[in-house]
Amino acid sequence: MHLYNLTLQPPSAVTQAIVGNFSGVRQQEIIVSHGTRLELLRPDVQTGKLSTVIATDVFGSIRSLAAFRLTGGTKDYAIVGSDSGRIVILDYDPRTSSFVKLHQETFGKSGSRRIVPGQYLATDPKGRSVMISAMEKAKLVYILNRDAAANLTISSPLEAHKNAAIIHHIVGLDVGFENPLFAALEVDYTESDQDPTGEAFNNAEKMLTYYELDLGLNHVVRKWSEPTDPRANLLVQVPGGQLASSERFDGPSGVLVCCEDHIIYRHMGVPQHRIPIPRRRHPLEDPERGIIIVAAVMHKMKGAFFFLLQSEDGDLYKVTIEHEDDEVKALKIKYFDTVPVASSLCILKSGFLFVASEFGNHYLYQFQKLGDDDNEPEFSSTSYPSFGMAEPSMPLPHAHFHPRALDNLALADEMESLDPILDSKVMNILPNSDTPQIFAACGRGARSSLRMLRHGLDVEESVSSELPGIPNAVWTTKRKEDDPFDSYIILSFVNGTLVLSIGETIEEVQDTGFLSSAPTLAVQQIGADALLQVHPQGIRHVLADRRVNEWRVPQGKTIVSAATNKRQVVVALSSAELVYFELDLDGQLNEYQDRKAMGSTVLALSVGEVPEGRQRTPYLAVGCEDQTVRIISLDPESTLETISLQALTAPPSAICIADMLDASINKTQPTMFVNIGLQNGVLLRTVLDPINGQLTDTRTRFLGTRPIRLVRVQIHGNPAILALSSRSWLNYTHQNLMHFTPLIFENLDYAWSFSAELSPEGLIGIAGSVLRIFQIPKLGTKLKQDTIPLSYTPRKFISHPTNRYFYLIEGDHRVLGEDAAAKRLDEMRQRGKMVDDNMLDLPPEVFGRPKAPAGTWASAIRIIDPVEAKTLSMITLDSNECAFSLAIVPFSARGNELHLVVGTAADTFLAPRSCSSGFLRTYKFTEDGTGLELLHKTETDDVPLALMAFQGRLVAGVGKALRIYDIGKKKLLRKVENKARATFSTAIVTLNTQGSRIIVGDMQESISFVAYKAPENRLLVFADDNQPRWITATTMVDYTTIAAGDRFGNIFVNRLDPKVSEQVDDDPTGAGILHEKGLLMGAPHKTKMLAHFHIGDLVTSINKVSLVAGGREVLLYTGLHGTIGILVPFVSKEDVDFISTLEQHMRTEQGSLVGRDQLSWRGYYTPVKSVVDGDLCETYARLPGTKQSAIAGELDRTVGEVLKKLEQLRVTASGF
Amino acid sequence: MSSELRYTANTQLEHLHARYTGTGHADLTKYDWLTHQHRDTLSSIVGHPTLTSYLAIADGESIGRVKFEMTERMLQPCGPPPRKDED
């Protein structure tokens, strides 16, 4: 078995974001790390929208990012700390729109190790040096400078190691142009490792240490080290230094030490200032629980600076420092606003705040004000004795604030993110859809959602109006060449033409010079200020002064097809003749003296646009009934001579020549494509060689069941092609590469560009008798998301086999359930305590829920109608129960009536796992599945993490035990438990079945094959894996094969020897297996690993599905960070050889951006086996032309053939 | 092996141990080994973004808190060391 791994949707979680002028122009940009991917975002200052400039896979895990700028420079560079054991400096090159690796310095082994630097990065604000640090001990300092040619240089590393020190955070201090200074938050474990009494551990001090890089001596010294709060977790740089010109201090320098509940200002040899972190006064909050800062950002403005710190509840605080020169007078904090909890905050100079959420969608906010003059209480260090440091070991009294809706910020844009995906299903439940949808349970806490993902571009409709009849075509046209917008809409009906003018309103006009008594074949704005209408009887050339020159067809003939551009007109007559006209310099349309007989009825014609600065386009494409397309010359030297011919498999229905940019073919200039739509719904795309007119590089694609119509349109300023069949598709250029994506919109019969003041880049289409005007707002997002909000983190969901509803379980740890919360509040009210109802009314999706102690759970079962995208009903679980698993079981003891069984547990603790009692709740479906009725609850001794229907009964993984239950009157009845060999080692997390075989996934001990022997009523483990695996998701590929994902980002396929499989099935009682000797302290047989691949994201679900109608089945997996990918089985040995050789070449050509070796990344834990990295192969399209042809030469193919193969693999497997 | 060689080999080994924290040796106690294992695991969890996300979701905490608590736990992941027998 060989598999091809392809990412359909890259991870959308942002682990870190940095801001800087990476293009070297004035505009600021944001680089975000998606863990394994770097993306450059450009915010549009006018519209406040974010757009992606580039996104690149780095084939490594990014752990830290920092922006820096050399002194006096105008361009920022990005420094990347990763798991490659190397420090990498990246430069964004706007010319080629790519990241360029400027420096790559190796310092250690690869992998996320304890003492190999890469976890933390700190830069000197003046851009002179950078410190990269590990979790423990190792810190390296590199000096950055520029050489004579102004190139960036990097020194060899200077060590600032400290043995036995755990590093919490590092930051670069702002000291102006004095020697660079770095601060680190460290804890030494030498003493607590030696002291058996535990006293040393209790007294362990967290040290704030300054490391000075002496630029003169070229080494690093520990300059200062002082203990600080033992619960400190984060350092923030405070501006400092003074300008040589003005003597004025930018700030006091030093750091803010963010601790649990406090923030301390700290610097060498100056008094400390301490303030409390204000907290919400929520009636249900635990006052003992500390609050920490999870994200921080400092912003410098002219002559002032402030900090925004974010707590783990999502509250932003504005912190300011009052200072006189370099002496701090007061440290102040006040509540600012509440936004989702961020992994990084970025402030842009243009007044935007980018919040890279740790889970869920990311947001761009615009600052409305800076919270300067509001009534928000402010807490200052001056109001406490000795600036809050009178008793450093004692906490300051709590400070409180009232959270409220956004006041200082306003939402500007939202970036959709699937992170985290916790479960998914792939099924086609929408009516009139021929491709399946992906349903993903996403998000965390109150911001969770169930999202339906459909492949296609989102369409925004602005106008939809009913027409008197059913038109068969629509056009828009300007009146003059240089008009900014269209003036007329022309609709062609079977027996007439309707002209509408576009103004304040759209209304019918008569005096346009167009013939209204006949249908129209083509409309064109021609020359400088004339219009042209082609109708079956002739051509009307309407001049600017409304004079009409008409050319009439000879008697007995009609025009059947026409193609036009700004200077040329070609019509085909019913007698299979072509007539060619060209506009002369006086604006007269002249017929070419000869007519060309084609010999077969012409079905379709197309000419390209006139290239800039030219008189004409030299090629005409003609599609004839004899299933051919001919390219005919329009060059004056060889007018109407046939140049080349292409045979087709069906008669053509439309042809469209368009010049579009596709960097995989030509990096700099648009390529001339001939798109041929056939009557059977197949689209051919060929490249027209501009020199000799030959057609090469044909690619085919099935679009739908109806004959195709093709329209050349403008999308976002670039030419694109709209292909209309039973679905509408758009062929467009995005980030220099060509894409082909369906529109999620009603089927269109015809469409055209539409440009008016209100919708400058719209499209107009007709669907039946309805005229629609619409836009395509976002190119590049190939999955449209429809969202159903949920209350708590989704755990799992299941679909009903007969009706279309979903049953979803959700639950949150450390959240008080509704009934428990109500009880607690009642108690408080009875005790006469004030309960602040305002706090209780805060919407949890914005403000979250108050954190409760561990072992507290809130959970619910939800019934969802995915087609209508709404919740039908919700059953909340009481008494601190949380649902962990569910199954729909047809109990044969109840005549195969379907029941929903939900596995829950009360008072669950996670590590070590324990619960007061587990339960199997059995529900009956009521009202066609829109409701549930609880039949009974069955107690279990452990948490039931996996449930599944099995032969008319229920099989449950209850902790370590595998059991089969049958339904009884008062509870479920335990029928059998696997006892023969030891139980599963940790906990059963996944179950799969075929026949009487059950495949069990253990939390830590991989997959076991279990046979159920009905005559003896035995569950027997007969095969398992030979390596431990922390299974998270599994699916059966066939009776002997299983695909599984583990917690460390691996996906693999295991197979059982078919002989063993048969032997086990042939043994009626299972006595043979029972007495067989175990192998390697496990089951008697072992599975064999067939394929293995590291995807870099934690696999949360695997589905075996076919994504295209009639296509092959693939394995679709989802990853926690929002990855959706597929594993496609190769069909032939030739493909395997070809693609693996290509992969090999790509490995050498395309080094990882973070310096990780691609092969070792994909084999992070176990070497890659039989899987080809499609993401790497697809970067072939972005290679420079010379490298492309060199690789293609090695493979004995042309570049076009390689690209075609890659596209074909993607399209046939996924349709994407 | 001459005594001189043994001497140099030892210093080299000591040097290596000082340099590569967490490397085992023949006289490693169970407690030391376990503490090293836990510290390695904890730093690996903090160093892998997907694992911190996973734990944060399971535990209902923010990623920042999970990272902080994991780093805090590195100080003494397996409790105080056992008392040394006086011999």
Side-chain angles (χ1 to χ4, degrees), chain A residues 13 15 35 61-63 83 111-115 118-119 134-137 163-164 166-168 187 189 192-198 200-201 204 231 233-234 292-295 312-313 341 343 358-359 419-420 422 444-445 793 812-815 851 854 910 1047-1049 1096-1098 1119-1121, chain B residues 14-24 28-86:
Chain A
T15 55
S61 167
I62 302 164
R63 295 160 77 195
D83 64 346
S112 278
R113 286 165 209 265
R114 179 149 61 121
I115 53 159
Q119 183 66 32
M135 289 292 293
E136 184 183 314
K137 182 183 153 181
N163 266 329
I166 296 159
I167 300 156
H168 276 259
V187 189
Y189 63 70
S192 46
D193 263 8
Q194 302 299 329
D195 178 18
T197 60
F201 168 69
R231 296 285 285 171
N233 69 316
L234 195 75
I292 63 167
I293 298 295
V294 294
E312 52 191 325
D313 292 326
V341 182
S343 54
E358 56 170 23
F359 295 111
D419 161 59
L422 295 155
R444 217 270 295 258
T793 311
D812 265 325
H813 188 209
R814 292 180 199 271
V815 171
K851 289 257 192 313
L910 292 172
R1047 196 179 283 191
F1048 308 108
D1097 197 353
L1098 195 152
L1120 190 73
H1121 274 181
Chain B
E14 263 169 32
H15 177 74
L16 283 176
H17 272 120
R19 191 165 168 172
Y20 300 106
T21 314
T23 318
L28 197 72
T29 64
K30 185 177 172 185
Y31 172 81
D32 284 341
W33 179 81
L34 207 60
T35 305
H36 278 316
Q37 287 283 310
H38 276 250
R39 286 198 182 123
D40 285 341
T41 307
L42 289 166
S43 64
S44 169
I45 289 171
V46 176
H48 285 100
T50 51
L51 284 177
T52 44
S53 299
Y54 194 61
L55 290 185
I57 293 165
D59 204 15
E61 291 281 13
S62 67
I63 291 178
R65 171 69 83 166
V66 168
K67 279 189 182 169
F68 174 53
E69 297 295 351
M70 291 284 159
T71 320
E72 282 286 283
R73 213 203 283 174
M74 279 176 75
L75 177 57
Q76 196 166 83
C78 309
R83 278 173 204 286
K84 285 202 181 94
D85 295 333
E86 303 293 323

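Heavy-atom basis, side chains included; hydrogens, waters and symmetry copies ignored. A note on names: the letters A, B, ... follow the listed sequences, proteins ahead of strands, and every chain is numbered from 1. Keep in mind that this is a model prediction, so the values were computed, not measured.
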> Among A:Leu1098, A:Leu1120, A:Asp1097, A:Thr15, exactly one meets side chain to side chain contact (heavy atoms under 4.5 Å, CB included) together with B:Ser53. Which residue is that?
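Only one option passes, and that is A:Leu1120.
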> With the threshold set at 4.0 Å, does a side-chain nitrogen-carboxylate oxygen contact exist between A:Arg231 and B:Glu69?
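Yes, A:Arg231 and B:Glu69 are salt-bridged.
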> Can you see which heavy atom on A:Arg814 is nearest to which on B:Asp59, and at what distance?
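Between these two residues, the closest heavy atoms are NE-O, 3.0 Å.
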> Can you confirm whether B:Ile63 sits close enough to A:Ser343 that some side-chain heavy atom of one is under 4.5 Å from a side-chain heavy atom of the other?
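Result no, sub-4.5 Å side-chain heavy-atom pair not found.
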> Hey, does B:Ile57 have a side-chain heavy atom less than 4.5 Å from the side chain of A:His813?
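A:His813 does not reach B:Ile57 side chain to side chain.
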> Do you know the tightest heavy-atom contact between A:Glu312 and B:Ser62?
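Scanning both residues completely, I find the closest heavy atoms to be CB-OG, 3.5 Å.
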> Which heavy atom of A:Arg63 sits nearest a heavy atom of B:Gly47, and at what distance?
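Of all heavy-atom pairs spanning A:Arg63 and B:Gly47, the closest is CG-O, 3.5 Å.
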> Could you look at A:Glu358 and say if it's the side chain, the backbone, both or neither that has a heavy atom under 4.5 Å from chain B?
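For A:Glu358, backbone and side chain are both near chain B.
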> Which atoms of A:Arg444 come close to chain B, meaning under 4.5 Å heavy atom to heavy atom: side chain ones, backbone ones, both, or neither?
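Side chain only.
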> So, do A:Phe1048 and B:Leu51 sit near enough that their side-chain heavy atoms are less than 4.5 Å apart?
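Yes, side chains in contact.
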> Can you list everything that forms a side-chain contact (heavy atoms from CB on, under 4.5 Å) with B:Pro77? Sequence neighbours excluded, please.
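If we apply the side-chain contact (heavy atoms from CB on, under 4.5 Å) test to B:Pro77, skipping adjacent residues, the hits are B:Thr35, B:His38, B:Arg39, B:Leu42.
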> Is it the side chain or the backbone of B:Pro49 that comes within 4.5 Å of chain A heavy atoms, both, or neither?
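Contact with chain A is through both the backbone and side chain of B:Pro49.
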> Specify the closest pair of heavy atoms between B:Gly60 and A:Lys851, including all atoms of both residues, with the distance to one decimal.
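Closest pair (atom of B:Gly60, atom of A:Lys851, distance): O-CE, 3.3 Å.
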